[in-house]
There are 2 protein chains.
Amino acid sequence: MKPNARERLIEGTRQLLWERGYVGTSPTAILARSGVGQGSMYHHFDGKPDLVLAAEQRSAELMQQQIAEAFAVEGTALERITRYLGRERDVLRGCSVGRLTADPEVMADDTLRAPIRETFEVLHEHLRRTVAEGVAAGEFAGEPDIDETASAIAAVIQGGYALARAAQAVEPFDRAVRGVLSLLRASAPRSN
Amino acid sequence: MKPNARERLIEGTRQLLWERGYVGTSPTAILARSGVGQGSMYHHFDGKPDLVLAAEQRSAELMQQQIAEAFAVEGTALERITRYLGRERDVLRGCSVGRLTADPEVMADDTLRAPIRETFEVLHEHLRRTVAEGVAAGEFAGEPDIDETASAIAAVIQGGYALARAAQAVEPFDRAVRGVLSLLRASAPRSN
DNA sequence: GGCGGCATACATACTAGTATGTATGCTGTC
DNA sequence: GACAGCATACATACTAGTATGTATGCCGCC
């Protein structure tokens with residue numbers, strides 16, 4: 001029938017963390033969401049932090065996979081970046097990984113923080129490499145600083161979620177994405 | 001002696017919301033942080049949601065004030081945007097207003113969401129107007145879309161906080177800011 | 001056919017969160 | 001000097017969060 005209890009616990013916890021963060025995610029809520037009994041939870045995991053770590057690792061893994069897929073397409077650097085920025089997203093739901101940066105419990109613990117940090121590093125690396133290829137191919141005549149550009153693009157995504165949630169509308173996210181893409185495209189040979 | 005209990009409650013709640021969000025902010029923690037008695041809290045406010053609203057409104061007010069000040073300086077549009085982006089920030093602490101976009105309790109309640117939405121609207125309006133002036137003055141020869149550019153800049157700030165927190169370092173924030181500024185500058189008229 | 005691993009149910013317990021209500025005292029004003 | 005407004009302390013209460021421990025049952029494997 002359903003996937004085993006361990007998998008369901010991870011998925012339920014993942015969703016709750018995504019929606020409500022660390023303190024907002026209670027063991028009983030996890031059980032209800034996952035549809036498993038309380039005993040199973042303590043059977044498979046040492047407790048909330050252990051389960052949270054497993055859920056985080058799963059989110060990080062899925063996200064890194066999506067990132068890799070989005071960049072593993074043919075096309076110019078600009079096309080690949082555009083494709084990544086425009087990929088299917090449940091914008092108002094936000095980023096399952098980025099959400100956790102708001103939780104002090106997670107940020108204060110190096111083990112819990114690691115999957116988040118690593119995911120952003122992976123994204124940065126993909127963006128960095130793609131921008132570098134674009135510069136090498138003469139797509140960005142302005143030759144923007146590679147790391148700075150990669151960071152700006154990553155930040156626009158994360159910040160776009162915040163703007164969209166505040167407005168309860170997808171539009172601000174899309175606007176920010178179009179904005180950074182326009183700026184990239186407009187990158188002209190410059191004199192500085 | 002100290003400011004009155006009402007003020008101290010607002011400030012304590014403001015700080016706790018900033019650090020820990022809505023669910024992470026308990027009445028007892030508020031009392032401890034504010035240094036007032038429990039009775040006073042229920043004397044001045046109807047309860048947690050009422051106090052949270054007051055704290056949010058205060059944060060929004062302060063933030064809008066800082067935004068207005070940062071843009072109320074002489075200089076070209078690019079200088080004013082650079083100044084706003086480079087203004088003094090406790091980056092790892094994050095944004096006292098943007099933090100709340102992660103809380104479903106806040107986002108689901110129109111009254112609690114209003115101060116956040118309004119603050120982003122005010123920021124957008126300042127950025128929009130400044131970019132428009134820059135375009136009019138020929139500073140941005142690429143004539144980027146005004147609203148899109150404003151949204152991208154606002155998003156970079158909010159997203160920069162997330163990147164910085166994940167890395168527990170200010171550098172990713174600064175890099176993202178330099179990145180978007182470079183892209184903006186690169187759309188400047190060629191002087192060569 | 002028993003045993004180890006996994007799942008479920010149920011009882012218990014302690015703490016924190018979120019209050020309400022009452023008593024008491026301080027202070028400034030009419 | 002009485003009274004309103006504000007502050008503090010203390011008692012009480014209910015719920016949710018975070019477990020621990022025990023009993024029981026199913027299933028696949030040696």
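Chain A is the first sequence line, chain B the second, and so forth, proteins listed ahead of strands; every chain is numbered from 1.
With rounding to whole Å, B:H43 atom NE2 is found 10 Å from D:dA4 atom C1'. Here the C1' atom of nucleotide D:dG17 and the CG atom of A:L16 are 14 Å apart, to the nearest Å. Look at CG on B:D50: it is 14 Å from C1' on C:dA19, rounded to the nearest Å. Between the CZ atom of B:R8 and the C1' atom of D:dT8 there is a distance of 12 Å, rounded to whole Å. Rounded to whole Å, the distance from CZ on B:F45 to P on D:dC6 is 12 Å. At whole-Å resolution of the value, NZ in B:K48 and C1' in D:dA16 are 13 Å apart. Counting to the nearest Å, the C1' atom of C:dC10 and the CG atom of A:L31 are 14 Å from each other. In this structure, the CG atom of B:D46 is 13 Å from the C1' atom of C:dT20, given to the nearest Å.
Closest-nucleotide positions on DNA chain D for A:P27 and A:G39 were compared, and the one nearer the 5' end corresponds to A:P27. Residue order along DNA chain C, read from the 5' end via each residue's closest nucleotide, puts A:G37 first among A:G37 and B:S26.
In this structure, B:R89 forms a cation-pi arrangement with B:Y84, its terminal cationic atom sitting closer than 6.0 Å to the ring centre and no more than 45° off the ring axis.
Looking at B:Q15 and B:E19, their side chains never bring a donor and an acceptor atom within 3.5 Å of each other. Between the side chains of A:R175 and B:S151, a donor-acceptor pair is found at a separation under 3.5 Å.
For C:dG17, one of the phosphate oxygens OP1 or OP2 lies less than 4.0 angstrom from a side-chain nitrogen or oxygen of B:T28. Side-chain N/O atoms of A:S40 include one lying less than 4.0 angstrom from OP1 or OP2 on C:dT8.
You'll find a donor-acceptor pair under 3.5 Å spanning the side chain of B:Q38 and the base of C:dA19, going by distance alone.
Taking the six-membered ring where tryptophan is involved, the planes of B:H126 and B:F71 are essentially parallel, since the angle between them stays under 30° and well short of 60°.
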